[in-house]
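Remarks on the structure that follows.
The analysis underlying the following values was restricted to heavy atoms, covering all of them including side chains, and did not include hydrogens, waters or symmetry mates. By convention in this document, chain letters (A, B, ...) are assigned in the order of the sequence lines, proteins followed by strands, and residues within each chain are numbered from 1.
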Protein chains: 2
Amino acid sequence: MNTAAGKAVGKRTPTISGPCSRWPAENRGIIRQVLDRVGDKWSTLVVAALGDGPLRYTDLKDSIPGISQRMLTLTLRQLHRDGLITRTPYAEVPPRVEYDLTPLGVNLHDIVVSLIDWAGNHHEEIRENRARFDARITP
Amino acid sequence: MNTAAGKAVGKRTPTISGPCSRWPAENRGIIRQVLDRVGDKWSTLVVAALGDGPLRYTDLKDSIPGISQRMLTLTLRQLHRDGLITRTPYAEVPPRVEYDLTPLGVNLHDIVVSLIDWAGNHHEEIRENRARFDARITP
DNA sequence: CCGTATCCTGAACGATACTG
DNA sequence: CAGTATCGTTCAGGATACGG
């Protein structure tokens with residue numbers, strides 16, 4: 001793409017929104033913080049896992065292979081703090097705590113899903129690209 | 001963790017498996033890798049910055065406040081490797097190198113934009129949630 | 001102008017052990 | 001079951017200096 005003088009560039013979101021320039025400078029700090037949280041690996045996976053409905057701690061842990069107790073707890077607390085998930089403990093024995101997406105969290109979930117779908121749809125292509133790139137670098 | 005397999009160019013592979021149930025287990029590993037790249041803070045910002053058209057190294061650096069030369073270079077190489085951006089050097093003096101989104105990158109850009117818009121639209125709400133949460137914890 | 005090559009630090013993360 | 005507390009390690013990433 002981008003032949004010669006950069007004239008024939010493909011269509012580029014003629015839609016409403018440009019990138020960063022769309023938000024005033026004073027907001028960029030917090031927007032970055034939000035992006036950091038959102039872009040966080042475990043947060044993404046937790047939000048994705050909660051897409052099908054509420055889950056309790058252990059189920060969450062099981063449905064996200066590789067996550068440590070520590071990181072799950074931490075991630076859940078952050079998401080809770082940001083108001084993206086709810087945490088409802090039941091006074092039973094044995095204890096039960098359920099986590100669920102808030103409306104705000106559902107909002108984010110949609111985007112996360114599109115991200116995951118994108119990754120799923122293109123991982124093969126990306127894998128090939130990487131292989132090709134590495135082949136050129138290390139022949 | 002010992003270097004079990006592969007030569008890990010970027011982040012190390014967490015453990016096994018991955019996110020949602022909608023993709024077969026064997027793909028989850030690479031999907032996580034893709035998500036890691038995509039969810040990466042700097043990658044996001046670079047992709048966002050390239051939304052308006054091709055940019056050269058320095059312009060890129062200027063339009064992403066806070067990024068170090070090192071991270072910009074690294075991020076650009078990863079994105080290039082994944083086939084999300086092109087890198088075209090011009091044999092001039094002084095040197096000029098332009099980076100641009102590939103069609104695949106444009107694809108991702110749309111999602112990134114929705115993420116940024118989401119962050120922009122909800123950062124105020126999130127800020128309030130955080131304040132409320134912290135107030136309850138530390139009264 | 002466009003990077004690469006080193007060095008160094010903090011904090012992110014996993015592992016482990018312990019409670020209500 | 002659903003966490004908390006602590007410790008040790010790794011490594012992402014900034015700072016700096018140099019090279020084509």
Side-chain angles (χ1 to χ4, degrees), chain A residues 32-33 35-46 49-50 54-81 85-100 137-138, chain B residues 1-4 6-17 32-33 35-46 49-50 54-81 85-100 137-138:
Chain A
R32 268 205 199 179
Q33 286 180 33
L35 274 184
D36 270 3
R37 173 118 350 284
V38 162
D40 174 57
K41 171 185 166 185
W42 296 126
S43 297
T44 309
L45 296 173
V46 167
L50 288 177
L55 284 177
R56 39 201 299 194
Y57 188 85
T58 305
D59 295 335
L60 221 27
K61 183 160 162 35
D62 290 340
S63 64
I64 305 176
I67 196 171
S68 63
Q69 257 183 356
R70 195 183 114 93
M71 286 321 289
L72 179 55
T73 302
L74 250 47
T75 303
L76 287 173
R77 192 182 304 151
Q78 309 276 26
L79 292 174
H80 186 207
R81 183 169 109 104
I85 64 174
T86 58
R87 177 186 183 276
T88 57
Y90 295 89
E92 304 172 357
V93 51
R96 179 165 58 104
V97 180
E98 282 199 342
Y99 294 91
D100 198 4
I137 298 298
T138 321
Chain B
M1 170 182 287
N2 10 7
T3 42
K7 49 269 187 113
V9 173
K11 298 177 178 180
R12 80 196 137 125
T13 339
T15 330
I16 345 155
S17 303
R32 266 207 198 180
Q33 287 181 33
L35 274 185
D36 271 3
R37 170 98 336 90
V38 161
D40 175 58
K41 171 183 164 187
W42 297 125
S43 297
T44 310
L45 295 174
V46 166
L50 288 176
L55 285 177
R56 39 199 303 195
Y57 188 86
T58 305
D59 295 334
L60 221 27
K61 184 161 164 32
D62 290 341
S63 64
I64 305 176
I67 196 171
S68 62
Q69 258 185 352
R70 194 183 117 94
M71 287 320 290
L72 179 56
T73 302
L74 250 48
T75 303
L76 287 172
R77 192 184 304 151
Q78 309 278 25
L79 292 174
H80 186 206
R81 183 169 109 106
I85 63 174
T86 57
R87 176 186 184 276
T88 57
Y90 295 90
E92 303 172 357
V93 51
R96 179 166 57 105
V97 181
E98 283 199 342
Y99 294 92
D100 198 4
I137 298 298
T138 322

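Remark on DNA chain C: of its neighbouring residues B:P94 and B:R77, the 5'-side contact belongs to B:P94, judged by nearest-heavy-atom nucleotide.
The residue A:Y90 sits apart from the nucleic acid: no heavy atom pair falls under 4.0 Å. Here A:T73 lies in heavy-atom contact (under 4.0 Å) with a base.
One atom, CD of B:E92, and another, P of C:dG3, lie 13 Å apart when rounded to the nearest Å. If you take CE of B:M71 and P of D:dA15, they are 13 Å apart, rounded to a whole angstrom. Spacing between atom CG of B:L74 and atom P of D:dG14 amounts to 10 Å, rounded to whole angstrom units. Rounding to whole angstrom units, CG of residue A:D36 and C1' of C:dA11 are separated by 14 Å.
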Quick one, give me the B/S/- string for nucleotides 15-20 of chain C, reading 5' to 3', where B means a protein heavy atom under 4.0 Å from the base and S means that only happens at the primed atoms, P, OP1 or OP2.
B-B--B

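Listed for the A:T44 side chain is a donor-acceptor partner under 3.5 Å among the backbone atoms of A:V38. In terms of modelled atom types and a separation under 3.5 Å, the side chain of A:S43 and the main chain of A:L79 share no donor-acceptor contact.
Distances shorter than 4.0 Å separate some side-chain N or O of B:Y99 from OP1 or OP2 on C:dG3. An OP1 or OP2 oxygen of C:dC2 is reached within less than 4.0 angstrom by no side-chain nitrogen or oxygen of B:R96.
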Based on Watson-Crick and G-U pairs with both distances under 3.5 Å, what dot-bracket line describes DNA chain D 5' to 3', crossing pairs as [ ] and inter-strand pairs as |?
||||||||||||||||||.|

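Taking the side chain of B:R87 as heavy atoms from C-beta on, and the options D:dC1, C:dG3, D:dG3, the nearest nucleotide is C:dG3. Closest approach to the B:W42 side chain among D:dG14, C:dT4, D:dA2 is made by D:dG14 (side chain taken as heavy atoms from C-beta onward).
Residues A:I85 and A:D100 have side chains not in contact (no heavy-atom distance under 4.5 Å, counting atoms from C-beta outward). At a threshold of 4.5 Å between non-hydrogen side-chain atoms, the residues B:W42 and B:L74 do not count as touching. With contacts defined as side-chain heavy-atom distances shorter than 4.5 Å, the pair B:T75/B:L45 does not qualify.
At a cut-off of 3.5 Å, with distance as the only test, no side-chain donor of A:T88 or A:Y99 sits close to an acceptor on the other residue.
For the side chain to side chain contact (heavy atoms under 4.5 Å, CB included) test, residues two or more places apart in sequence or in another chain that qualify with A:R56 are A:D59, A:R96, A:E98.
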